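Written out below as structure tokens is the structure these notes cover.
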Amino acid sequence: MIDSLNPEQQSAVTLPAQHALVLAGAGSGKTRVLTTRMAWLIQTHQASPYGLMAVTFTNKSAREMLTRLTALLPINARGMWVGTFHGLCNRLLRAHYRDAGLPQTFQILDSADQLAAIKRLIKGAGIDDDKFPPRDVQRFINGAKEEGQRPGDVDAWDAYRRRLVEIYGLYQAQCEREGVVDFAELLLRAYELLQRNAPIREHYQRRFRHILVDEFQDTNSLQYRWLTLLAAGGACIFAVGDDDQSIYAFRGANVGNMADFERDYARGNVIRLEQNYRSYGHILDSANALIAHNAARLGKNLWTEQGEGEPVRVIEQPSDQLEAQWIIDEIRALIHDGSERREIAVLYRSNAQSRIIEHGLFSAGIPYKVYGGLRFFERQEVKHALAYLRLMDNPHDDTSWLRVVNFPARGIGARTLEQLSDAARQQDFSLFRAVPFVAGKGGANLARFADLVQQMAHEAQVLSLPELIEHVIHHSGLLSHYQADRDGAERLENLRELVNAAAAFVAEENFEGLPAGRIPEWAIDLSPALDRSPAAATPDPVASSGAVAQTPAVAPGDSAENGFPGVSMSPLAAFLAHASLEAGDNQAQAGQDAVQLMTVHAAKGLEFDAVFITGVEDGLFPHENSLLEAAGLEEERRLMYVAITRARARLYLTLAQSRMLHGQTRYALRSRFLDEIPDEHLKWLTPKAGRTSVRENTWSGAFRRGDAYNRPDSGSVAPREPRYQTSGVVVGDKQFRIGTGVRHAKFGEGTVIALSGTGEDAQARIQFREAGTKTLALGIARLDIVA
DNA sequence: TACACCCAAATTTTT
DNA sequence: TTTGGGTGTA
């Protein structure tokens with residue numbers, strides 16, 4: 001099992017039972033080490049499969065882990081605590097919903113649901129949504145939760161923040177009332193549960209002897225605390241991560257957790273995996289050289305036995321159009337030479353860049369796949385169907401109620417809903433309960449809808465889950481609505497797919513033959529098991545309430561001690577949780593061999609034979625919004641590091657001198673990151689121009705690639721005298737570039753962060769230190785250039 | 001209730 | 001330039 005590993009991997013896998021930090025570089029076999037470690041612990045009887053917990057961030061990597069584990073060892077991975085932070089917390093909360101203060105049928109809001117709930121709250125409470133945009137409120141609430149803060153814990157130093165805290169409190173109350181939890185709440189609740197409930201905490205602390213964490217650099221503060229709390233009973237945390245691949249700080253990820261973990265837990269017990277099995281030398285050395293410019297890092301240097309390979313190709317084109325065209329020509333050549341399309345990836349910093357490349361590929365008739373955008377369970381028709389299903393499980397879920405109360409249209413307009421929510425607010429009822437308080441025609445329509453919901457809830461006790469969904473699609477009117485719709489065919493197709501997904505889910509989770517709304521008898525509630533333990537000194541209402549699975553029988557081979565994934569959940573509830581926690585595939589056209597298009601973020605964890613990194617320009621990559629703080633620039637650099645290390649054999653960096661952005665042509669310098677990679681690793685297919693010179697905005701003709709590709713290393717596109725110089729705008733006697741410092745009489749000092757237009761018509765976006773960001777016409781505004 | 005129109009905003013987004 | 005959301009009109 002471990003013979004095929006390199007010495008560092010072996011020592012990581014066979015580390016003694018202590019906390020350890022594995023710094024695993026890109027392509028160093030991180031997942032392999034993690035799964036082999038698990039298998040090794042089990043095989044050497046240092047842990048039972050049930051004494052292990054493995055935590056990841058994505059469902060995909062959790063699945064991958066289980067697949068590899070079962071390939072290594074003949075064990076039944078079902079029931080093992082391998083999953084995402086959110087998935088495991090969900091499991092914990094389902095098992096102990098009473099102790100966590102949640103209703104048994106609590107439902108999970110995804111980001112969109114949460115936003116809808118916040119919007120509704122802001123409207124209902126009469127809060128000014130110009131001053132408190134729902135998105136900002138959402139970010140505030142999630143940010144607080146990710147720091148482990150309840151409304152009372154948040155530091156509110158001014159009136160604005162005090163109001164935000166108030167809204168947070170209102171939101172929380174609304175969630176409680178409706179029996180829903182958002183993503184961050186799953187984590188925070190689970191954390192608080194463990195923290196406050198000693199018997200439960202000690203139970204899990206005793207149970208899990210080894211906790212393995214993947215992508216540790218992406219953990220947020222709350223996740224870190226959750227992990228260390230679970231491990232406080234003597235468990236060992238085996239944390240695997242790469243600080244150089246931390247690219248989610250903007251979502252609350254705290255790279256500092258790695259350094260903290262090393263200092264506080266894994267002191268001296270750090271292993272570096274630096275041998276890379278993915279890329280050739282020039283690619284790796286480029287990545288190494290680039291990332292060396294970051295100050296805040298633990299330090300690591302990738303190497304390979306594969307040889308240096310080809311240099312990294314760099315191409316500069318006058319416009320984004322030509323950049324795209326060049327890429328498409330090159331892709332065509334690669335395919336012609338036998339490359340598989342799926343082994344070619346085009347990466348970009350922001351989604352807006354994909355359009356022009358898609359256009360080119362489409363015109364060229366090259367199949368491609370775009371990652372990103374809507375996922376299966378996020379599609380409107382699927383969400384509608386799910387909303388009906390949720391109402392079946394919990395009719396007091398106002399978010400779902402409002403989503404479908406009048407979809408398809410059933411004569412319940414804004415006025416009626418106004419009356420309904422007034423009544424609900426007055427009585428402190430859910431919308432469902434408030435229905436009888438609305439009179440008139442609208443009230444009658446509401447009553448009919450409420451009946452429909454109850455009727456369908458009744459069916460849930462009889463029909464299997466797929467049957468129920470079919471029933472819902474039919475009787476809700478979704479079916480006829482989309483049938484009548486001109487382009488409803490695809491939506492119907494997705495609804496059909498939803499039924500299939502449910503059927504697959506039922507089979508997978510052993511729910512076959514069970515009515516959708518019934519909790520299976522083999523489901524185990526962990527709370528009674530805990531009560532039997534002597535540690536549960538305090539009387540627990542759980543034992544007597546009896547609202548649990550009627551027969552807390554133990555499935556063969558399982559024990560209450562081991563727990564079970566589907567704790568106390570009906571197929572319906574389990575499927576709804578599944579739909580929230582795993583939004584499904586994130587790619588447009590599935591299937592055939594196609595060129596892969598995605599953002600750099602989306603590419604993390606993937607690898608390709610050939611990679612194009614596009615838009616390698618200052619202001620775009622690194623993104624202008626990140627330039628203002630050092631930490632931002634370092635994250636951009638890590639992002640570039642991630643991008644580079646996706647390539648196995650061939651890497652292209654492409655850039656355009658001008659680019660259509662927001663309907664305006666903007667000019668940019670090549671990315672500063674290009675200048676951080678030594679020339680010896682780069683091969684400029686177009687001449688490398690000086691970075692500081694100023695160019696006239698007239699193109700002396702587009703550079704074409706020629707057939708550089710077919711003679712890749714011949715140097716046939718030898719550097720000539722640059723025909724043009726790069727970037728910047730000249731107005732009068734002044735030269736403006738991105739990064740130029742300026743002073744304005746009224747706004748004070750600032751920095752140019754974007755330029756557009758030419759000559760007297762040129763405009764500059766300037767980030768002023770005091771006055772914020774302004775767009776100024778350079779021909780009009782009086783600007784002095786400062787050092 | 002549906003559609004047309006206008007305006008503002010436009011990194012990245014594992015759950 | 002494109003997109004989404006909000007408002008106004010048939």
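Everything numeric here is computed off the predicted structure, so don't read it as measured data. Naming convention: chains lettered A, B, ... in sequence-line order (proteins, then strands); numbering from 1 in each chain.
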Main chain of A/Asp242, side chain of A/Gln217: is a donor-acceptor contact present, judged purely on distance under 3.5 Å? yes
When we call it a touch if two heavy atoms are under 4.0 Å apart, what does [X] touch: a base, just sugar-phosphate, or nothing?
X        : value
A/Gly605 : nothing
A/Thr56  : nothing
A/Ser580 : nothing
A/Gly252 : nothing

Under 5.5 Å between ring centres and under 30° between planes: true for A/His662 and the base of B/dA9?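 No, aromatic ring not over the base.
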Under the 5.5 Å and 30° test, is A/Tyr248 stacked on the base of B/dT13? no
Encode nucleotides 5-10 of chain C as B, S and - characters from 5' to 3', where the letter depends on protein heavy atoms closer than 4.0 Å: B to the base, S only to sugar-phosphate, - to neither. ------
For [X] and [N], what is the distance between atoms [atom1] and [atom2] respectively, to the nearest whole Å?
X        : N      : atom1 : atom2 : result
A/Asn625 : B/dT13 : CG    : C1'   : 15 Å
A/Arg251 : B/dT13 : CZ    : P     : 9 Å
A/Glu146 : B/dT14 : CD    : C1'   : 12 Å
A/Phe85  : B/dT14 : CZ    : P     : 16 Å
A/Asp110 : B/dT14 : CG    : C1'   : 14 Å
A/Arg666 : B/dT11 : CZ    : C1'   : 12 Å
A/Leu661 : B/dA10 : CG    : P     : 12 Å
A/Leu187 : B/dT15 : CG    : P     : 13 Å

In Å, rounded to the nearest 0.5 Å, how long is the span from OG1 of A/Thr84 to CG of A/Leu581?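 Taking OG1 in A/Thr84 and CG in A/Leu581, the distance rounds to 6.0 Å.
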Judged by nearest nucleotide, the residue sitting upstream toward the 5' end of DNA chain B, A/Glu636 or A/Ala184, is A/Glu636
Tell me which of A/Lys604 and A/His481 sits closer to the 5' end of DNA chain B, going by the nucleotide each one is nearest to. A/His481
Is there side-chain contact between [X] and [Y], with heavy atoms separated by less than 4.5 Å?
X        : Y        : answer
A/Val616 : A/Phe673 : no
A/Arg375 : A/Asp110 : no
A/Val180 : A/Glu185 : no

Once you measure the plane-to-plane angle for [X] and [Y], does it fall in the parallel (<30°), tilted (30-60°) or perpendicular (>60°) bin?
X        : Y        : answer
A/Phe407 : A/His384 : parallel
A/Tyr168 : A/Phe140 : perpendicular
A/Tyr248 : A/His601 : tilted

Check this for me: does the side-chain of A/Arg375 come within 3.5 Å of the base of B/dT13 through a donor and an acceptor?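 Between B/dT13 and A/Arg375, which were checked side chain against base, a qualifying N/O pair under 3.5 Å is absent.
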What distance, rounded to whole Å, do you find between the two P atoms, one in C/dG5 and one in B/dT12? 16 Å
